[in-house]
Number of protein chains: 2
Amino acid sequence: MKLSTKGRYAVMALADIAKFDGERPVSLRDISLRQGISLLYLEQIFSMLKKNQIVTSVRGSNGGYKLTKSPEQIKISNIFSAVQENIKTVGCKKESKKGCNGKSAKCITHNLWDELELHINEFFNKKNLSDLVKGKNENRV
Amino acid sequence: MKLSTKGRYAVMALADIAKFDGERPVSLRDISLRQGISLLYLEQIFSMLKKNQIVTSVRGSNGGYKLTKSPEQIKISNIFSAVQENIKTVGCKKESKKGCNGKSAKCITHNLWDELELHINEFFNKKNLSDLVKGKNENRV
DNA sequence: TATAAACTTGACTATTTTAGTATGGTATAT
DNA sequence: ATATACCATACTAAAATAGTCAAGTTTATA
Ligand code: FES
Ligand code: FES
């Protein structure tokens, strides 16, 4: 079980914007250089973030992206669902009455994985962007 | 982020043994039929479980596998580490002083992922096999 | 003692997911 | 004008996952 780069980079990039936020929008080029993420990959990610109203864009020279809300209002769970990074712990389709492996009933472990998923989602709901930017004085980039 | 079948099946199969535990060892063939998991795949998984002393084996006809400890004593985290299903939330090497993407310092999101990993591992440390088998009266297989 | 059930080991492979690239645009500040 | 920066779609290489295959060894039981 590994967290994919898409979700991690999305949070990383948005935290970068939150940190360097000001009058002017932040360009992907700057984020790319500061965070060491491919520019082309960032464009792909930000296309999704924009579609889901996490950011707005300013085109043209000196353009870039801005957060639509204050960092406190942007939860990690919002970011993750925007880039379609979702946690799947169960082996079955959740809504379906059927279990995994085509069995007719939910398997013996189903509740365990379900509970885990709940735990993780709770964590992502509690955390927001400002939690990441708070320690501006620390030597993190 | 998806939980792999290796970890899920391992827990599933061990819960099956816990449930049908008795004098005789439980054969992989029975587990395969009851849980709908490929016999060949189960063999691979149980080879690891045995190496890590989660189960003992009885060879030959009427043989099979038995738990080495009581279900209460077998934590999900034990099972996961036995089959090498480990959670990776961070993008960097944990021990290294370096951050992800070859940066010299830990990135702005590092602590967040680290905290998440801690949460998940806590969950797996709290849960054991007997938690799964308790509800024998429910209509789960 | 023949036989079948069941564990043991290592290598192999197909599928899926991830993590990007590549290409060819459009909009706008200077 | 032109460079900067967003926008959109398609493609691809690499890694991880989810198994399969082959060739055994061991032992209960008929
Ligand atoms: S995980 Fe849902 S039925 Fe097995
Ligand atoms: S996750 Fe550890 S440095 Fe980025």
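Below, read A as the first sequence line, B as the second, and so on, with proteins coming before strands; counting in each chain starts at 1.
The distance between atom CD1 of B:Ile37 and atom P of D:dA18, rounded to the nearest whole Å, is 12 Å. Atom CE in A:Met48 sits roughly 12 Å away from atom P in C:dA19 (whole-Å rounding). One can place OH of B:Tyr41 at 15 Å from P of D:dC21, the figure rounded to the nearest angstrom. Between B:Arg24 atom CZ and C:dA5 atom P the separation is 14 Å, expressed in whole Å. Put simply, CZ on B:Phe46 is 16 Å from C1' on D:dG19, counting in whole angstrom units. Whole-Å rounding puts the B:Ile45 CD1 to D:dT17 P distance at 13 Å. One atom, CZ of B:Arg59, and another, C1' of C:dT9, lie 10 Å apart when rounded to the nearest Å. Atom CG in B:Leu40 sits about 13 Å away from atom C1' in C:dC12, given to the nearest Å.
The neighbour count for A:Gln84 CD, taken as heavy atoms of other residues, nucleotides or ligands under 6.0 Å away, does not exceed 12.
Salt bridge status for B:Glu85 with B:Arg8: absent, with no side-chain N to carboxylate O gap under 4.0 Å. Electrostatic pairing of B:Asp114 and B:Lys94 counts as a salt bridge here, judged by a charged N lying under 4.0 Å from a carboxylate O.
For B:Gln44 against D:dT20, a side-chain-to-base donor-acceptor contact under 3.5 Å is present.
Using a 4.0 Å cut-off, some side-chain N or O of B:Ser38 falls inside it from OP1 or OP2 of D:dT20. Here A:Ser27 does not reach the OP1 or OP2 of D:dC6: none of its side-chain N or O atoms lies under 4.0 Å away. For D:dC7, one of the phosphate oxygens OP1 or OP2 lies less than 4.0 angstrom from a side-chain nitrogen or oxygen of A:Ser57. An OP1 or OP2 oxygen of D:dT29 is reached within less than 4.0 angstrom by a side-chain nitrogen or oxygen of B:Asn62.
With contacts defined as side-chain heavy-atom distances shorter than 4.5 Å, the pair B:Ser104/B:Lys98 does not qualify. A:Met12 has its side chain within reach of B:Cys100: a pair of non-hydrogen atoms, C-beta onward, lies under 4.5 Å apart.
In this structure, B:Tyr65 reaches the sugar-phosphate backbone alone: every heavy-atom distance under 4.0 Å involves primed, P, OP1 or OP2 atoms, never a base.
Ring geometry, B:Tyr9 versus B:Tyr41: the interplanar angle exceeds 60°, so the pair is classed perpendicular (tilted spans 30 to 60°). Note: B:Phe124 and B:Phe80 have tilted aromatic rings, judged against thresholds of 30 and 60 degrees for the angle between ring planes.
Using a 4.0 Å cut-off on heavy atoms, none of the residues of residues 1-13 of chain A approach DNA chain D.
For A:Glu43, counting side-chain heavy atoms from C-beta on, the closest listed nucleotide (C:dA27, D:dA8, C:dA29) is D:dA8.
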